[in-house]
Amino acid sequence: MSKVPYLLQRPERRTSCVVFASPHSGRDYPTEMVQQSVLSPLQLRSSEDAHVDRLYADVPRFGAVMVSATYPRAWVDLNRRVDEMDPALVAGVSRVGLNPRIASGLGVIPRVVAGGRSIYHGKISREEAENRIRTVWKPYHRLLQAVIDESLALFGQSILIDCHSMPREALSVVRSGKGRRPEVVIGDRYGASANPGVVSEVERAFRQQGFEVSRNVPFAGAFVTQHYGHPARRCHAVQVEIDRSLYMDECTLEPRPDFSDIRARVSAAAEVIADIGVERLPLAAE
């Protein structure tokens, strides 16, 4: 594999400490994966946060950075720890230290897609799993850390917006404070990954665009928010999950006719978020 595992989009002039990142919208499925899988190409895509990178495509216009994965979540999950290997999929991996994510087939190298459908017959080699981590997972996270460090150097703080989408069925028994089904779920690991003021501003940005918003239920954040969110160090990480039925057909993954309207509302929220916590302009602009 020689493809770069991320797309980095920079503004002409960086004026925001905010970094938007979409780790699950990659859709470049390696030929060997399609050939080895027992699933159809459409079934393989069922775990993908399809079109999320398109929803946030205007971010560079607001002076912020956008990082998007190119390889799919079914190939390697960038929102998992590098050591979350599944012994039921990867040969030679110990069963010691299994957590619920790994046990359900959703480790760093996923065994299943949405609905618990197995991707392969049998196991893959440890060498193949480690190759995916070396060529995709590590370069993506090196880049993400680099742009976060750049935020700290230029602005004195960093705000990472971890961009995702969620299946509508995940919200079937969830209600916001107003008793309505949420359309956007903000995750801050129950206050651990970001300053409360930052999280409230992110929530406000989406509410201003008419979205029904809730916090931490059913998604509070995973590896990305845990790893990069350290408010005491002025590094904030907030996960944003958007109900994917708002903008696409969940069966075909095709955008809805009103996709551009939802995209405009998400973009308007992102513009407000990009302005959060701007304390000073980059030195090059002074």
Side-chain angles (χ1 to χ4, degrees), residues 6-24 52 56 58-69 78-82 137-164 184-208 213-216 219-242 266-286:
Y6 53 76
L7 175 64
L8 172 63
Q9 296 170 281
R10 286 186 171 277
E12 291 185 9
R13 176 170 171 260
R14 190 166 184 198
T15 58
S16 173
C17 70
V18 182
V19 177
F20 293 81
S22 177
H24 288 164
V52 164
Y56 292 91
D58 286 338
V59 159
R61 289 178 43 215
F62 313 138
V65 171
M66 179 75 192
V67 178
S68 305
L78 300 168
N79 199 23
R80 295 289 182 266
R81 290 197 327 262
V82 73
W137 193 99
K138 289 185 176 180
Y140 178 90
H141 283 287
R142 278 197 299 267
L143 174 73
L144 193 54
Q145 186 64 64
V147 292
I148 288 171
D149 290 344
E150 179 182 271
S151 292
L152 287 169
L154 294 176
F155 302 97
Q157 70 173 348
S158 174
I159 300 172
L160 172 64
I161 304 298
D162 190 35
C163 307
H164 296 264
V184 174
V185 176
I186 306 297
D188 66 349
R189 297 189 63 83
Y190 299 95
S193 69
N195 180 281
V198 170
V199 183
S200 294
E201 288 296 302
V202 174
E203 285 187 349
R204 183 176 66 85
F206 282 98
R207 285 202 175 99
Q208 283 178 335
V213 182
S214 68
R215 191 183 298 192
N216 287 320
F219 303 107
F223 168 75
V224 168
T225 45
Q226 181 179 29
H227 183 72
Y228 294 104
H230 301 285
R233 304 180 205 166
R234 299 180 63 80
C235 289
H236 310 279
V238 180
Q239 179 176 279
V240 176
E241 295 267 7
I242 298 177
V266 172
S267 187
E271 184 172 13
V272 172
I273 293 168
D275 283 338
I276 297 174
V278 175
E279 298 183 349
R280 61 187 176 94
L281 294 178
L283 296 177
E286 293 179 346

Inset, instruction - Could you please spell out the steps behind the side-chain contact (heavy atoms from CB on, under 4.5 Å) verdict for H230 and S158? - result: CA-CA 10 Å; H230 301 285; S158 174; over 6 Å; no
Legend entry - Whether Y56 and F20 hold their rings parallel, tilted or perpendicular, with breakpoints at 30° and 60°: tilted
Legend entry - side-chain hydrogen bond (donor to acceptor under 3.5 Å, both in side chains) partners for E150, two or more places apart: R10, R14
Legend entry - Donor-acceptor contact below 3.5 Å, side chain R234 vs main chain L152: no
Legend entry - Donor-acceptor under 3.5 Å (S193 side chain, A237 main chain): yes
Legend entry - Heavy-atom pair of closest approach, residues Y140 and A21: OH-CB, 3.6 Å
Legend entry - Pairwise side-chain contact, V147 with L8, heavy-atom cut-off 4.5 Å (strictly under): yes
Legend entry - Partner set under side-chain hydrogen bond (donor to acceptor under 3.5 Å, both in side chains) for Y6, not counting sequence neighbours: none
Legend entry - Any donor-acceptor pair under 3.5 Å from N195 side chain to P231 backbone: no
Inset, instruction - Nearest 0.5 Å please: distance from the CD1 atom of I148 over to the CD1 atom of I159. - result: 11.5 Å
Inset, instruction - Answer yes or no: is there a side-chain heavy-atom contact under 4.5 Å between V272 and R204? - result: yes
Inset, instruction - Would you mind reporting whether V202 and V199 have side-chain heavy atoms less than 4.5 Å apart? - result: no
Inset, instruction - Pick out which of H236, Q145, H141 makes a side-chain hydrogen bond (donor to acceptor under 3.5 Å, both in side chains) with Y228. - result: H141
